[in-house]
Number of protein chains: 2
Amino acid sequence: MIKERKNTLRDSVFESLKALIITGQIPPGARVTENDMAARLNVSRTPVREAFNRLERDGLVVGRPRQGYVVTEFNLTMFREAFDIREMLDGRATELAAANATAADKARLRDMLAECERLAAIPDRSTREQFEELQVGIDLHRVIAEIGGNEMLHGMLCGILDKCQQYVWTELLWLDEWQLTREEHTGIVDAICAGDVALAGERARAHVRGSRENILRLLQAKSDYQGFFAKAS
Amino acid sequence: MIKERKNTLRDSVFESLKALIITGQIPPGARVTENDMAARLNVSRTPVREAFNRLERDGLVVGRPRQGYVVTEFNLTMFREAFDIREMLDGRATELAAANATAADKARLRDMLAECERLAAIPDRSTREQFEELQVGIDLHRVIAEIGGNEMLHGMLCGILDKCQQYVWTELLWLDEWQLTREEHTGIVDAICAGDVALAGERARAHVRGSRENILRLLQAKSDYQGFFAKAS
DNA sequence: ACACTCAAAATTGTATACAAATTCGCATAC
DNA sequence: GTATGCGAATTTGTATACAATTTTGAGTGT
């Protein structure tokens, strides 16, 4: 049995499955069964079942009684809903961060920005390095929410960011927009470090709005939404 | 084995436990064990475990590995966090409802208001009837979010409302504020029926702010917060 | 009277056995 | 060739047995 670093197998399985889904290694629409996962992770069905329950609660998989589970597929409606909420949550979390950030917090955010810049400056970088920059960019929002101090808000935002991360890792979109994303992230962190609550919040909201429009615009470019979204059956 | 009306025992147990907790029949701080619940509901531990998992995910119970579960206790921090989020979510949901409500939706809201008025007009009403009015008043917000059409937002708001409902059912506070609550609810529904998006949203946010101040003020009236909140150990 | 030790009890974590339901494929009839 | 029906295989739902850990409490020594 796998003993990664968590206390219980349930948590290990949950984290493993979540990572597999968010990174697109198990794509949206893919069917996942308890037995397969149990065999793959070398554990019994029990912890796998409990992990599936939590994943379903987080909206990463959908399951119908006695019919198995399927990795949640993307659709336009879900994106509009998620980004509408994320604009509020991310904006508020960033306001709180601007109000509460300590010197150490600010240094941490600066470090993450520097890491993004470093990864961006690598010539002819690999896909792995591109993924790393995406990861750090999304983690930046998680850390900002953590700094904000509202744990409930932090948890909710992380749930939505999981879905966003699943999307960018699966589709690897807006490759030409990374420069803009870095600039917006820098602007948000600048406002937080300056303690400008209103500016930080508004920049965060504008950033989320921009991401939403960017994604929706790219989706529009696809001629057939159904064909684009349906990854499997 | 109990076969209420759900397909699976897990769902039945989850709903039963959730109801017991939200209505204060199992008070905050109370210890809950899998065996007790399994015996109480006449099922095995397996569906009870899965229900506990979901309850923990929803923040209604907290559990530590191999130490059992405890019904989540109230504290000031949690209230500030929850109401800060609820103000955003409820405000947005109400805006969406004002934009999307059909004639049938509006009639449904009116009916709920009328039910509140009917229950309020009963002279020397029983505790049961008071609870009913509280229930309908909180359900009003759930229905408004449902009408808004953003399912994700609806689900998130329901989670927070569960905690609010647990609180009022457990403590039965602000008995003298019910008249004000009814007036605010009426104002919100009026704005929704008029299709005034901005007004509906602002009234909803003001209503949540008022509820928060009301609760915090009552908490201040208690001399010892710790003694007030700690219901059991 | 107090502190310490150790064993027993209680409780959750995991594995496995069995039941119920759904799905899929093959055979058969038309 | 197509449709239909039935049965095997697959998959989840539930129950139970066992393992691991924590808690509890009695007993003992000082």
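- Among the heavy atoms of the strands lying under 4.0 Å from B:Arg10 are primed sugar atoms or P, OP1, OP2 only; no base atom is included.
- For A:His185, the ring pair (Phe, Tyr, Trp, His ring centres under 6.0 Å) partners at least two apart in sequence or on another chain are A:His141, A:His207.
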Shorter than 3.5 Å, N or O on both sides, protein versus nucleotides 18-25 of chain C: list them out with atom names.
unit_1: C:dA21; atom_1: O4'; unit_2: A:Arg66; atom_2: NE; d: 3.3

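- Rounding to the nearest 0.5 Å places CD1 of B:Ile147 at 7.0 Å from CD1 of B:Ile144.
- The CG atom of A:Asp11 sits 8 Å away from the P atom of C:dT14 (whole-angstrom rounding).
- If you measure from atom CG of B:Leu41 to atom C1' of D:dA15, you get 15 Å, rounded to the nearest angstrom.
- Rounded to whole Å, the distance from CD on B:Glu34 to P on C:dG13 is 6 Å.
- Atom C1' of nucleotide C:dG13 and atom CD of B:Glu56 are separated by 14 Å, given to the nearest angstrom.
- In this entry the distance linking CG of A:Asn42 with P of C:dT14 reads 14 Å, nearest Å.
- Here D:dT11 presents its P atom at 14 Å from OH of A:Tyr69, a figure rounded to the nearest Å.
- Counting only residues at least two apart or on different chains, no ring pair (Phe, Tyr, Trp, His ring centres under 6.0 Å) pair has a member in residues 7-44 of chain A.
- Atom CG of A:Asn35 is separated from atom P of D:dA9 by 16 Å (rounded to the nearest Å).
- Residue B:Thr8 has its side chain nearest to D:dT14 when only D:dT14, D:dT11, C:dT14 are considered.
- For residues 134-145 of chain B, every residue pair satisfying the salt bridge (Lys or Arg N to Asp or Glu O under 4.0 Å) rule, not counting sequence neighbours, is listed here: B:Asp139-B:Arg142, B:Arg142-B:Asp162.
- Screening residues 92-115 of chain A for ring pair (Phe, Tyr, Trp, His ring centres under 6.0 Å), with sequence neighbours left out, gives no hits.
- Residue pairs meeting the ring pair (Phe, Tyr, Trp, His ring centres under 6.0 Å) criterion with at least one member in residues 20-52 of chain B, sequence neighbours excluded: B:Phe52-B:Tyr69.
- When heavy atoms are screened at a 4.0 angstrom cut-off, B:Thr46 is found touching base atoms of the nucleic acid.
- In this structure, B:Phe52 atom CZ and C:dT12 atom C1' are separated by 11 Å, rounded to whole Å.
- Salt bridge status for B:Arg45 with B:Asp36: absent, with no side-chain N to carboxylate O gap under 4.0 Å.
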